[in-house]
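Some notes on the structure that comes next.
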Amino acid sequence: DWGVITEAGKKGQYAGIKPLQFANKGQLAWLAEALIISRNKTQMTLPELIGHPTCFPVALDQLSAPVLRSNPHLKVVRQGLNEEHVLLET
């Protein structure tokens, strides 16, 4: 039992814990790389990474282009005015 879901009063109702935060931003970039690989993709948008349910209960709201660029296996490119894509470097 990881303790990430608890009963919330009524039977059959559950609540999640407060999202876990990473102190080390490099770990966030590593997690983003692992998520892209685990989905069998070569790229994902930054919003897809931040909101992906696979990462529950980890909070990815601190994930940003500078954090991702710290990982030599990732490349961040901007498409359009405000859409950032995260690509695996091969």
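This structure is a prediction, so every number in the text was calculated from the model and none was measured.
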Residues which pass side-chain hydrogen bond (donor to acceptor under 3.5 Å, both in side chains) with Q79, listed by chain and number, not counting sequence neighbours: H85
Set of side chain to side chain contact (heavy atoms under 4.5 Å, CB included) partners for A23, sequence neighbours left out: none
Path from L74 to V77 over hydrophobic side-chain contacts below 4.5 Å: no
Same apolar cluster (I L V M F W Y, side chains within < 4.5 Å links), F22/V4: no
Partners passing salt bridge (charged side-chain N to carboxylate O under 4.0 Å, His left out) against R78 (at least two apart in sequence or in another chain): E84
Non-neighbouring partners of E83 that pass salt bridge (charged side-chain N to carboxylate O under 4.0 Å, His left out), sequence neighbours left out: none
Contacts under 3.5 angstrom, residues 40-68 side chains, donor-acceptor by atom type, not counting sequence neighbours:
{"unit_1": "T45", "atom_1": "OG1", "unit_2": "E48", "atom_2": "N", "d": "3.2"}
{"unit_1": "T45", "atom_1": "OG1", "unit_2": "E48", "atom_2": "OE1", "d": "3.3"}
{"unit_1": "E48", "atom_1": "OE1", "unit_2": "T45", "atom_2": "N", "d": "2.8"}
{"unit_1": "H52", "atom_1": "ND1", "unit_2": "T54", "atom_2": "N", "d": "3.1"}
{"unit_1": "H52", "atom_1": "ND1", "unit_2": "T54", "atom_2": "OG1", "d": "3.0"}

Under 3.5 Å, which donor-acceptor pairs do the side chains of residues 30-38 form with other protein atoms, sequence neighbours left out?
{"unit_1": "E33", "atom_1": "OE1", "unit_2": "N71", "atom_2": "ND2", "d": "2.9"}
{"unit_1": "E33", "atom_1": "OE1", "unit_2": "H73", "atom_2": "ND1", "d": "3.4"}
{"unit_1": "E33", "atom_1": "OE2", "unit_2": "H73", "atom_2": "ND1", "d": "3.3"}
{"unit_1": "S38", "atom_1": "OG", "unit_2": "A34", "atom_2": "O", "d": "3.3"}
{"unit_1": "S38", "atom_1": "OG", "unit_2": "L35", "atom_2": "O", "d": "2.9"}

